[in-house]
Structure formats: C-alpha cells, structure tokens
Undergrad: 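Got a structure for you, written out below as structure tokens; questions coming shortly.
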Amino acid sequence: MTEQTWSEAATEAAAALAEQTGVAQHDVALVMGSGWLPAVDALGETVAEVATTDLPGFAPPAVEGHAGRIRSVRAGDRRLLVFLGRTHLYEGLGVRAVCHGVRTAAAAGCGTVVLTNGCGGLDERWTPGTAVLISDHVNLTATSPIEGANFVDLTDLYSPRLRALCQEVDPSLDEGVYVQFRGPHYETPAEIAMVRAIGGTLVGMSTTLEAIAARESGLEVLGLSLVTNLAAGISGQPLDHQEVLEAGRASATRMGELLGAVVPRL
Ligand code: 8IG
C-alpha cells in the first residue's frame with residue numbers, strides 16, 4: 001500500500017471501530033505489550049471487543065488463530081481503546097504495519113496513547129517484574145515511521161506531565177531510557193555494553209517507532225516498561241523467554257493497580 005492508502009486505512013479502521021464497538025469516539029489508547037495483558041481487566045468495564053482481522057490495514061495474525069484484538073473499555077467517563085498485542089518490526093511487515101494501531105487510535109479520536117512493553121533492564125536494582133517509566137529513547141532500528149521531509153520534533157516525546165502523574169500514583173516508579181533493537185534475537189553482551197555507553201537503561205523490540213508515529217499524529221505519549229529480565233551479560237545466565245512470561249504473570253496485579261489508578265486521570 002502507498003502512504004496515502006495507509007492513512008486512508010487508518011481512517012477507515014477508526015470508522016469500522018466506531019461502528020463495531022458502538023462508541024463514536026475514544027479518548028485514550030493503550031497498547032498492551034508482553035507482560036501487561038494480565039493487567040487489562042483492571043482498566044474498567046469491557047464494552048466490546050473487535051478482531052483486527054475485521055479492520056482495514058491490520059497485519060494478518062503472526063500465529064494462526066491468534067488474531068490481534070482491540071477492546072473498547074469504559075473507565076469512569078473515559079473511553080479506552082485497548083490493543084491486546086501489537087505488530088513488531090521483526091515480523092518483517094514494515095514500519096507502517098507497526099504503527100497502524102497508533103494511527104488508527106489517533107483517527108478514532110484518542111488524544112493520549114499509553115505504550116507498554118516487556119523489556120530487559122540494565123539496572124540490577126530492577127528485579128524481574130519492576131515497572132519503569134520511559135523518559136526518553138534511542139531508536140536503533142535504522143528506520144522511521146515518517147516519510148518525506150517532515151522533521152518532527154521529539155523533545156519531551158514521553159510526556160513529563162504524564163510521568164509526573166504516574167509518580168504521584170506510585171512514588172517508587174523509576175525512569176529509564178529505552179533502546180529499541182529490531183530483534184527478534186536478544187542482544188549480545190557487547191551490545192548491552194554499547195547500550196550502557198550511550199545512556200540506555202532498558203532494551204526491547206518495540207515502542208520507539210510507535211511513539212514517533214504518535215507524536216507525528218499529535219498524541220501525548222506515556223511509555224511504561226515492565227522489566228522482565230536483566231539484559232544480556234549482566235547476570236551471567238542465558239535469557240529465557242519462559243522466565244519473561246512468568247515475570248509478567250507474577251506482576252500482573254501491581255501493573256493492574258498502576259494502570260487502573262493512572263488511566264482515569266490521563
Ligand atoms: I521481555 O532483554 C524482553 N524483550 N531486545 N532485550 C530485548 N527485548 C526484550 C528483552 C531483552 N526482554
């Protein structure tokens with residue numbers, strides 16, 4: 001598809017969402033990354049759920065029978081659009097597919113997006129299951145969701161206002177600089193040494209491209225990472241995907257409490 005067709009697809013997907021959920025406008029979008037799914041029920045009352053396969057422009061499911069789903073949730077007087085899963089750059093479908101959810105959310109009326117992810121941490125105080133606010137990012141994917149000479153400013157991309165609000169809810173929340181690699185392999189210890197040298201404290205395979213697309217669309221961005229493992233080469237143990245999933249389950253209650261308290265105030 002051309003750029004024009006993708007933006008049309010986002011507009012059409014937003015219209016289809018309004019029709020299929022019965023909710024004309026949504027206020028806040030949330031993208032639930034690995035480890036965050038168990039927290040979704042704490043957000044509010046589910047109004048409707050739609051399969052992304054029924055909407056224009058969304059990628060076919062990476063695993064057969066596991067279509068992405070989008071839930072419309074009522075949280076007080078706020079209407080939430082909750083993306084249960086995302087398209088990753090490592091799937092090879094291109095950066096537009098990665099950002100289609102965020103662009104659809106903008107077209108659906110959202111003014112704020114909460115981007116969550118599971119990631120590796122470089123700070124040994126962040127035991128598996130620790131939530132960290134993203135304060136800034138380094139995009140090591142060598143690509144951008146923006147095409148053409150549109151020089152979008154990324155100062156304060158991760159809203160200082162929304163970060164302060166989160167820290168009011170939970171003063172123990174630390175902040176980190178998220179470094180996105182393409183993946184799907186984890187980093188080598190040498191790459192993690194590089195991340196440390198360039199000021200990164202969190203490593204993952206998502207979020208930065210969506211955050212850039214969100215800023216281009218005029219959305220306010222809140223980034224929340226769940227540290228599920230120490231980054232490669234820090235603990236001396238190999239990285240284990242099972243361990244990653246377990247850390248997410250174990251911290252679901254805390255993530256749910258955090259989101260449940262923060263989202264109605266966004
Ligand atoms: I969960 O250690 C999770 N996702 N790049 N590195 C990268 N992505 C991750 C990691 C990690 N843990």
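We count ligands from 1, going down the list as the structure has it; atoms in each ligand are counted the same way.
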Undergrad: Please determine if Arg215 and Glu220 form a salt bridge, counting it only when a charged side-chain N lies under 4.0 Å from a carboxylate O.
TA: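 Here Arg215 does not pair with Glu220 in a salt bridge, since their nearest N and O are not under 4.0 Å apart.
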
Undergrad: Checking contacts here: is it the side chain or the backbone of Phe181 that comes within 4.0 Å of ligand 1, counting heavy atoms only? Could be both or neither.
TA: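 No part of Phe181 comes within reach of ligand 1.
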
Undergrad: Under 4.0 Å, counting heavy atoms only: does Gly183 come that close to any atom of ligand 1?
TA: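 No; Gly183 lies far enough from ligand 1 that no heavy-atom distance drops under 4.0 Å.
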
Undergrad: Run the numbers for me: atoms of ligand 1, each under 4.0 Å from some heavy atom of Gly118, listed by number.
TA: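 Every atom of ligand 1 under 4.0 Å from some heavy atom of Gly118: 1 (I), 3 (C), 4 (N).
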
Undergrad: So which bit of Thr228 gets within less than 4.0 Å of ligand 1, heavy atoms only: side chain, backbone, both or neither?
TA: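 Contact part for Thr228 vs ligand 1: side chain (C-beta onward).
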
Undergrad: Number the atoms of ligand 1 from 1 as they appear, then name those within less than 4.0 Å of a heavy atom of Cys119, with their elements.
TA: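 Selected atoms, number and element: 1 (I), 3 (C), 4 (N), 10 (C), 12 (N).
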
Undergrad: Under a 4.0 Å threshold between the charged nitrogen and the carboxylate oxygen, would Arg71 count as salt-bridged to Asp41?
TA: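 Looking at Arg71 together with Asp41, the answer is yes, because their closest N to O distance falls below 4.0 Å.
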
Undergrad: Charged N to carboxylate O under 4.0 angstrom, Arg254 versus Asp170?
TA: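 Result for this pair is yes, salt bridge flagged.
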
Undergrad: In ligand 1, which numbered atoms sit nearer than 4.0 Å to a non-hydrogen atom of Glu187?
TA: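 Per the distance check, 2 (O), 5 (N), 6 (N), 7 (C), 11 (C).
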
Undergrad: If we ignore hydrogens and angles and just use 3.5 Å, is the side chain of Gln25 paired with the main-chain N or O of Gly109 as donor and acceptor?
TA: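 Between the backbone of Gly109 and the side chain of Gln25 there is no qualifying donor-acceptor contact (under 3.5 Å).
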
Undergrad: Going by heavy-atom distance to atom 8 (N) of ligand 1, choose the closest among Gly35, Gly204, Pro128.
TA: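 Shortest heavy-atom distance from atom 8 (N) of ligand 1: Gly204.
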
Undergrad: For the residue pair Asn117 and Trp36, what are the closest heavy atoms and their distance?
TA: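 Nearest heavy atoms, Asn117 then Trp36: O-NE1, 2.8 Å.
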
Undergrad: Between Thr207 and His137, is a side chain to side chain donor-acceptor pair (under 3.5 Å) present by the stated rule, with each step listed?
TA: CA-CA 9 Å; Thr207 303; His137 81 218; over 6 Å; no

Undergrad: Below 3.5 angstrom, do we get any N/O pair linking Asn229 and ligand 1?
TA: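 Yes: some nitrogen or oxygen of Asn229 is under 3.5 Å from one in ligand 1.
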
